[in-house]
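For reference, the structure discussed in these notes is given below.
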Amino acid sequence: MSSMHKKGTSRDVNSQAFTKLTKVETIPDPDIYDITYVDISPSEGSSSPLSKSPWSVQVDPSAVDSPYHSVKVTTDTTKEKSTNHSPNILLGSLVREEGHIYSLATSGDLLYTGSDSKNIRVWKNHVEFSSFKSNSGLVKAIVLAGDKIFTGHQDGKIRVWKAASKESNVHRRVGTMPNLLDYIRNSIVPSSYFNFTRRNRSSAALGFRHLDAISCLALSEDKRLLYSGSWDKTFKVWRVSDLRCVESVNAHEDAVNAVVSGFDGLVFTGSADGTVKVWRREDQAKDTKHFFSETLLKQDCAVTAIAVDQSATLVYCGSSDGTVNFWERENNMKNGGVLKGHKLAVLCLVAAGNLMFSGSADLGIRVWRRPEGGGEHVCLSVLTGHAGPVKCLAVERDQESVSGERRWIVYSGSLDRSVKMWRVSESSPPMVNQEFKLPDQFGGGGGGGPAELTVAPSFSAQGRISPQK
């Protein structure tokens with residue numbers, strides 16, 4: 001068995017011996033990290049196809065008896081600073097029966113959702129406010145930059161949208177990256193299109209465009225640059241002002257699954273090759289360059305997600321074995337520990353305030369908190385309710401927070417075709433029982449501790465409230 005197969009690359013899914021499935025969607029070159037191109041709805045007399053998934057074979061169940069690595073679980077809630085807190089609850093669901101949810105972005109009172117139906121939908125106050133459709137490629141990433149909306153697609157292109165000046169609910173495509181002019185420039189003088197940091201300069205003719213699906217997008221700290229990561233093993237740097245590719249970096253030996261702009265001009269990338277790498281940005285006279293700095297992590301299983309906390313002191317990395325590593329800026333980027341608890345792959349991460357949220361193929365969302373001033377992470381809740389893997393997360397401050405309490409509204413997109421809305425308080429006490437059981441369709445017998453929230457209104461595309469089943 002090759003090392004590529006052990007790491008769970010984007011090409012291995014075709015070699016899996018799946019049992020008979022209820023439904024299989026035929027999408028060219030399926031993404032192994034989007035493991036439910038299959039319908040995971042349980043059927044009588046058959047086991048879930050997720051039990052045969054490459055995710056499950058990489059997880060040692062005995063390794064998740066405790067959610068921490070060499071860290072004792074805090075169960076004494078009397079040590080909490082304050083007992084005045086709101087419960088962590090499921091507020092409701094946004095349901096549009098048209099495709100698996102792959103991407104989310106939020107700005108003010110607007111929520112953007114992307115799916116494999118090629119539609120980008122805009123929600124306002126739980127009601128569908130607008131929608132626009134791409135001609136090709138499922139929507140794998142969404143980033144908002146001022147009045148521009150960037151969407152990354154399966155076909156390797158980035159599309160740029162704007163809301164109409166007079167009709168805010170009408171969105172028009174204003175560009176595609178790369179555009180026709182890029183192809184013309186490159187065909188005339190390919191070597192001078194821009195300065196490459198690729199190892200193989202003979203590939204310069206193809207450096208301005210991705211050769212495979214775009215997996216992630218991120219903005220630089222100053223919002224002037226857009227980073228795109230791809231299955232083609234590269235990340236590229238685009239200028240937001242004129243939508244031009246200014247640099248291409250041959251970053252990894254396998255698909256790039258995550259790219260995040262951090263602090264001090266650093267960019268973090270994670271890959272199916274099992275590594276997390278750090279790149280240093282340098283602004284030169286006319287160009288911006290990124291240079292390799294160090295490798296934070298090298299492991300056998302794939303890196304699936306990266307997040308940087310808002311105080312810019314921690315970097316989190318999720319992996320296909322269900323663990324979350326983190327590094328501390330104040331400790332010279334040394335590994336601060338491993339958070340354990342998920343039974344299957346971590347698929348997405350997002351940080352807000354003192355909290356970090358991890359979504360997983362085990363259908364759960366873990367809420368982690370690190371006390372101010374440092375200390376051990378504790379798991380506050382396991383948010384359950386999705387019927388499919390949690391593929392993406394977005395978070396915004398709860399403007400209705402009571403005095404002295406900081407709360408967050410968390411949006412979770414799933415391959416069950418829904419987006420759920422949660423309200424989470426930073427003042428919540430830690431879970432007493434840190435053990436999390438898998439849902440019934442995974443053979444875990446259900447459960448999940450004090451935050452198993454499954455009853456809430458479901459909002460249809462028209463905004464009507466209907467009972468959730």
Side-chain angles (χ1 to χ4, degrees), residues 96 98-99 101-124 127-188 193-194 206-230 232 234-248 259 261 287-288 392 394 396 413:
R96 198 68 154 84
E98 63 175 8
I101 306 298
Y102 283 84
S103 51
L104 293 172
T106 181
S107 176
D109 58 354
L110 298 179
L111 174 70
Y112 297 80
T113 62
S115 72
D116 56 7
S117 69
K118 305 177 187 177
N119 287 320
I120 300 98
R121 299 200 175 273
V122 188
W123 304 79
K124 186 174 184 179
V127 179
E128 185 176 349
F129 177 68
S130 176
S131 67
F132 44 103
K133 187 171 185 177
S134 166
N135 293 329
S136 177
L138 66 88
V139 186
K140 297 184 70 68
I142 303 175
V143 161
L144 309 177
D147 61 348
K148 294 186 179 77
I149 304 162
F150 295 92
T151 55
H153 297 262
Q154 180 90 9
D155 64 1
K157 293 182 180 179
I158 302 171
R159 291 171 174 83
V160 191
W161 314 81
K162 278 187 177 181
S165 56
K166 295 183 179 180
E167 298 177 277
S168 60
N169 64 333
V170 176
H171 291 77
R172 296 186 174 90
R173 192 172 72 185
V174 296
T176 300
M177 302 156 61
N179 56 35
L180 180 60
L181 185 57
D182 293 324
Y183 285 94
I184 295 174
R185 286 171 176 164
N186 184 72
S187 64
I188 297 173
Y193 182 80
F194 55 79
L206 300 175
F208 71 101
R209 65 185 178 95
H210 282 299
L211 303 180
D212 210 331
I214 289 176
S215 56
C216 48
L217 295 173
L219 281 176
S220 62
E221 294 175 82
D222 56 14
K223 313 298 182 185
R224 294 193 301 111
L225 300 176
L226 177 73
Y227 297 96
S228 60
S230 169
D232 66 8
T234 74
F235 76 85
K236 301 190 187 300
V237 187
W238 310 79
R239 212 162 32 220
V240 171
S241 59
D242 60 4
L243 310 182
R244 188 179 178 186
C245 184
V246 296
E247 189 179 12
S248 180
V259 59
S261 176
D287 302 310
T288 295
C392 48
E396 63 179 358

Do Val259 and Cys216 come within less than 4.5 Å of each other through their side chains, counting heavy atoms only? yes
Is any side-chain heavy atom of His153 closer than 4.5 Å to a side-chain heavy atom of Leu138? no
How many angstroms lie between CZ in Arg173 and OG1 in Thr151, if you round to the nearest 0.5 Å? 9.0 Å
Expected output: side-chain Ser115 to main-chain Gly99 donor-acceptor under 3.5 Å: no
Measure up the Phe132 and His171 rings against each other and bin them: parallel (under 30°), tilted (30 to 60°), perpendicular (over 60°). parallel
Run Cys392 and Tyr102 through side-chain contact (heavy atoms from CB on, under 4.5 Å) and show every step you take. CA-CA 6 Å; Cys392 48; Tyr102 283 84; 5.7 Å; no
Interatomic spacing from CG in Leu226 to CE in Met177 - rounded to 0.5 Å: 5.0 Å
To the nearest 0.5 Å, tell me how far Leu110 CG sits from Lys124 NZ. 6.0 Å
Side chains of Ser228 and Lys236, donor plus acceptor under 3.5 Å: no
Would you mind checking if Arg224 and Asp222 are paired as a salt bridge, meaning a charged N to carboxylate O distance below 4.0 Å? yes
If you round to the nearest 0.5 Å, how far is CZ of Arg159 from CD1 of Ile120? 8.5 Å
As a quick check of understanding, evaluate side-chain contact (heavy atoms from CB on, under 4.5 Å) for Val246 and Trp238, giving each step before the final call. CA-CA 6 Å; Val246 296; Trp238 310 79; over 6 Å; no
Steps toward side-chain contact (heavy atoms from CB on, under 4.5 Å) verdict (Leu144, Phe150): CA-CA 6 Å; Leu144 309 177; Phe150 295 92; over 6 Å; no
Would you indicate whether the side-chain heavy atoms of Ser134 and Trp161 approach each other to under 4.5 Å? yes
If you round to the nearest 0.5 Å, how far is CD1 of Ile142 from OG of Ser107? 12.5 Å
Would you mind reporting whether Ser230 and Phe235 have side-chain heavy atoms less than 4.5 Å apart? no
Looking just at side-chain N and O atoms, do Thr106 and Glu396 make a donor-acceptor pair shorter than 3.5 Å? yes
Under a 4.5 Å cut-off applied to non-hydrogen side-chain atoms, are His210 and Thr234 in contact? yes
Considering all heavy atoms, the nearest Lys223-Val240 contact: O-CG2, 3.6 Å
Considering only heavy atoms from C-beta outward, does the side chain of Lys140 approach that of Ile214 to under 4.5 Å? no
If we ignore angles and hydrogens, is there a donor and acceptor under 3.5 Å between the side chains of Arg121 and Thr113? no
Is a side-chain donor or acceptor of Asp232 paired with a backbone partner of Leu211 at a separation under 3.5 angstrom? yes
Note: Val143 and Ala218 closest approach over all heavy atoms is CG2-N, 4.0 Å
Does Tyr112 form a side-chain contact (heavy atoms from CB on, under 4.5 Å) with Leu104? I'd like the steps, not just the answer. CA-CA 6 Å; Tyr112 297 80; Leu104 293 172; over 6 Å; no
Does some side-chain heavy atom of Leu217 sit less than 4.5 Å from a side-chain heavy atom of Ile158? yes
Return the CG to NZ distance between Leu243 and Lys148, rounded to the nearest 0.5 Å. 6.0 Å
